[in-house]
There are 4 protein chains.
Amino acid sequence: MITVISSTNRNNALSLQIAEYYLQLLKEKGADCQLLDLRDLPVDFIETALYDNKGNNPEFNVFQDKILKSEKLVFIIPEYNGSFPGVLKAFIDGLAFPKSFKGKKAAVVGISAGDQGAALAMSHLVDILNYLGVHVLAKRPRLPNADNEFEDGTFSNPRYDQRLRQQVEELLVF
Amino acid sequence: MITVISSTNRNNALSLQIAEYYLQLLKEKGADCQLLDLRDLPVDFIETALYDNKGNNPEFNVFQDKILKSEKLVFIIPEYNGSFPGVLKAFIDGLAFPKSFKGKKAAVVGISAGDQGAALAMSHLVDILNYLGVHVLAKRPRLPNADNEFEDGTFSNPRYDQRLRQQVEELLVF
Amino acid sequence: MITVISSTNRNNALSLQIAEYYLQLLKEKGADCQLLDLRDLPVDFIETALYDNKGNNPEFNVFQDKILKSEKLVFIIPEYNGSFPGVLKAFIDGLAFPKSFKGKKAAVVGISAGDQGAALAMSHLVDILNYLGVHVLAKRPRLPNADNEFEDGTFSNPRYDQRLRQQVEELLVF
Amino acid sequence: MITVISSTNRNNALSLQIAEYYLQLLKEKGADCQLLDLRDLPVDFIETALYDNKGNNPEFNVFQDKILKSEKLVFIIPEYNGSFPGVLKAFIDGLAFPKSFKGKKAAVVGISAGDQGAALAMSHLVDILNYLGVHVLAKRPRLPNADNEFEDGTFSNPRYDQRLRQQVEELLVF
């Protein structure tokens with residue numbers, strides 16, 4: 001099972017649309033895959049699902065179970081304040097360790113409204129994933145100015161489309 | 001005003017004790033300073049104080065006001081999963097930009113139960129702070145195995161104490 | 001004294017041209033400044049000026065002296081292989097520590113032929129500079145696709161010009 | 001072929017001793033492996049083997065050929081000035097791209113005289129390797145204060161020995 005994570009809880013996020021597009025690409029290849037949308041996290045999970053409360057929030061545990069069932073994770077990462085959304089790391093902080101992560105494989109995709117393309121966000125997340133025992137695919141596609149390159153559920157910029165398709169090919173054999 | 005931030009919402013965190021010790025060091029030097037304890041954040045702030053709801057949560061705004069009044073920020077950073085707590089970044093994501101940050105000065109302190117001393121956590125946070133326009137003091141004290149080196153409100157390890165005292169001296173003239 | 005470092009030893013590097021432009025901006029503001037061009041490093045300095053041979057190469061010592069006389073350093077950094085040129089770090093490895101660095105101020109500028117703008121290169125260098133005790137200006141201008149935006153000794157892209165002029169203003173009062 | 005790289009050109013480096021120990025561990029497992037000692041690089045390679053001179057230095061090409069023949073690379077990285085030695089990156093800058101790197105696998109080991117264990121050095125190198133298309137094993141063993149933990153060609157600290165043996169196991173099936 002490959003889980004594609006829309007890494008923000010913001011409404012109307014481009015990340016979610018790109019996550020859905022990524023799922024399509026995976027399905028075209030016949031991969032077993034599912035979406036994980038951080039917008040659906042319980043709004044108080046930083047209190048009710050972290051630290052001493054790990055495992056106690058049934059709504060959060062739905063997310064936990066999806067992660068446990070996954071062999072591979074794909075993080076669609078919007079750039080917020082020069083890195084990834086804090087909510088993504090708080091979510092990771094709430095997951096059981098090491099069973100959620102150790103020995104798994106992951107891919108990261110960086111999207112931004114500005115022209116950096118979440119390069120630092122992806123670097124930070126790779127450090128964290130490696131720390132958790134997750135092997136990360138070398139290719140880290142950057143999609144700067146993504147707002148202008150994606151519409152009606154697909155990329156208007158064919159190079160962006162190509163970057164994701166190549167990553168999908170590599171992820172399937174990683 | 002110098003604000004010392006205990007960068008986690010976990011109960012009984014060593015970060016909070018070290019933040020309180022840091023405040024003492026600042027007060028000994030006659031500095032105007034205050035504590036900001038992320039444990040007191042509203043438990044649903046990731047929904048009620050971020051994105052379209054920025055500025056709408058009065059409890060969160062107490063934090064926002066403390067940041068606005070600060071010229072300098074000190075981040076006491078515990079290492080979680082190879083970086084800083086997600087809650088810290090979510091908190092930053094909720095603050096008004098650029099007025100909360102631009103042109104301000106900051107110092108970072110890394111603490112860990114393990115032997116890394118939050119080196120990567122501090123590197124990640126410096127990237128973010130620089131992105132927000134915050135100048136960061138070069139000295140980034142690492143306090144690995146901090147649980148064993150701090151008790152009854154003070155450092156049993158005099159080298160750790162020394163690292164913080166030197167940073168305080170430098171921060172005051174930064 | 002502010003020293004502007006063209007951070008590569010490659011011939012015909014755009015970094016050198018931009019370093020020279022940066023010097024002009026500093027001179028317009030009346031700043032005392034000088035160029036340091038890594039192309040002029042002795043070709044065998046990794047053997048004759050590092051480790052046990054520190055201080056033994058008179059040609060390298062000319063560089064060392066320029067650094068010692070500087071209060072502020074500006075690194076014009078081309079992106080090579082996802083980071084800064086190895087020669088830059090080898091140069092740093094040959095300088096006397098801590099007197100070359102401790103307590104000094106620095107600014108970094110990232111240039112690239114591709115669209116990343118040396119974001120990771122600057123992040124890596126800031127880690128190193130902070131380790132050496134150098135305070136780094138928050139603003140890290142990125143100049144992606146720089147080859148297309150600079151000609152005849154000046155920027156054809158006014159936003160790039162503006163980024164450097166703003167950094168110069170901030171550096172002078174940092 | 002697995003190539004173990006002693007990532008410095010410093011004489012009497014602990015990195016070289018640990019690289020040799022690592023080779024032993026690989027040989028015990030029956031792996032085909034070889035050493036690459038950066039001390040043997042031509043002393044003027046930053047001039048005679050980089051940029052327009054890529055491929056022109058026969059001595060450097062011996063290194064180039066060893067890399068081309070490798071499927072997996074192991075970097076034994078000493079911490080210099082808060083990162084890896086500049087010579088390592090200059091070496092990488094001299095190698096043919098993409099054929100030296102793309103699609104290969106790597107592992108990193110961090111050693112330091114101080115207590116950081118080259119955490120930042122490894123983070124920086126992973127960014128570079130990923131940029132070059134090299135997949136990096138998640139486990140990044142840190143060996144702080146390594147001088148005190150290794151003597152007569154072996155680890156006096158059994159935990160350090162264990163860290164490398166586990167990495168070897170994982171690398172062989174990566």
Side-chain angles (χ1 to χ4, degrees), chain C residues 7-13 38-54 57 77-98 100-102 112 114 116 118-134, chain D residues 7-13 38-54 57 77-98 100-102 112 114 116 118-134:
Chain C
S7 305
T8 177
N9 64 329
R10 194 164 70 77
N11 281 322
N12 304 314
L38 296 195
R39 205 180 36 171
D40 299 331
L41 282 168
V43 297
D44 60 359
F45 87 92
I46 62 163
E47 170 80 17
T48 58
L50 264 66
Y51 319 126
D52 293 342
N53 289 327
K54 260 196 187 181
N57 184 322
I77 308 169
E79 182 179 307
Y80 288 5
N81 296 320
S83 187
F84 50 74
V87 165
L88 172 62
K89 178 62 164 51
F91 170 61
I92 289 172
D93 290 343
L95 293 170
F97 180 76
S100 301
F101 294 109
K102 205 170 163 50
S112 68
Q116 187 186 136
L120 292 174
M122 291 192 285
S123 172
H124 300 165
L125 189 62
V126 168
D127 280 339
I128 292 164
L129 290 171
N130 280 185
Y131 181 89
L132 296 168
V134 179
Chain D
S7 304
T8 177
N9 64 331
R10 194 165 70 76
N11 281 320
N12 304 313
L38 296 195
R39 205 180 37 173
D40 299 332
L41 282 168
V43 298
D44 59 0
F45 87 93
I46 61 163
E47 170 80 18
T48 58
L50 265 64
Y51 319 125
D52 294 341
N53 290 325
K54 260 197 187 182
N57 184 322
I77 307 169
E79 181 180 307
Y80 288 5
N81 296 318
S83 187
F84 50 73
V87 165
L88 172 62
K89 177 64 166 48
F91 170 62
I92 289 172
D93 291 342
L95 293 170
F97 180 76
S100 301
F101 294 109
K102 205 169 164 51
S112 68
Q116 186 186 136
L120 293 174
M122 290 192 286
S123 171
H124 300 166
L125 190 62
V126 169
D127 280 338
I128 292 163
L129 290 171
N130 279 185
Y131 181 89
L132 296 168
V134 179

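Throughout, a chain's letter reflects where its sequence line sits, starting with A, and its residues are numbered from 1.
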Subject >> Working for side-chain contact (heavy atoms from CB on, under 4.5 Å), residues N11(D) and Y51(C) >> reply: CA-CA 8 Å; N11(D) 281 320; Y51(C) 319 126; over 6 Å; no
Subject >> Worked verdict on L132(C) versus L95(C) for side-chain contact (heavy atoms from CB on, under 4.5 Å) >> reply: CA-CA 11 Å; L132(C) 296 168; L95(C) 293 170; over 6 Å; no
Original post:
Given that the side chain runs from C-beta out, which part of L120(C) has a heavy atom under 4.5 Å from chain D: side chain, backbone, both or neither?
Top reply: side chain
Original post:
For I77(C) and A121(C), which heavy atoms make the closest approach, and how far apart are they?
Top reply: CG2-CB, 4.1 Å
Original post:
Non-hydrogen atoms of chain C under 4.5 Å away: do they reach the side chain of F84(D), the backbone, both or neither?
Top reply: backbone
Subject >> Atom of H124(C), atom of S83(C) and distance for their closest heavy-atom approach >> reply: ND1-OG, 2.9 Å
Subject >> Closest non-hydrogen atom pair, A13(D) against T8(D) >> reply: CB-CG2, 3.6 Å
Original post:
Considering only heavy atoms, which portion of F101(C) lies under 4.5 Å from any heavy atom of chain D: side chain, backbone, both, or neither?
Top reply: neither
**OP:** For chain D, find which of L129(C), T48(C), N9(C) contributes the most heavy-atom pairs closer than 4.5 angstrom.
**Re:** N9(C)
**OP:** Write down the atom of N81(C), the atom of I128(D), and the distance for their closest heavy-atom approach.
**Re:** O-CG2, 3.5 Å
Original post:
Mind checking which of residues 39-47 of chain D sit less than 4.5 Å from chain C, heavy atom to heavy atom?
Top reply: P42(D), V43(D), D44(D), F45(D), I46(D), E47(D)
Subject >> Criterion side-chain contact (heavy atoms from CB on, under 4.5 Å) on I92(D) and L125(D), from CA distance to verdict >> reply: CA-CA 11 Å; I92(D) 289 172; L125(D) 190 62; 4.0 Å; yes
Subject >> Closest non-hydrogen atom pair, P78(D) against P85(D) >> reply: O-CD, 3.3 Å
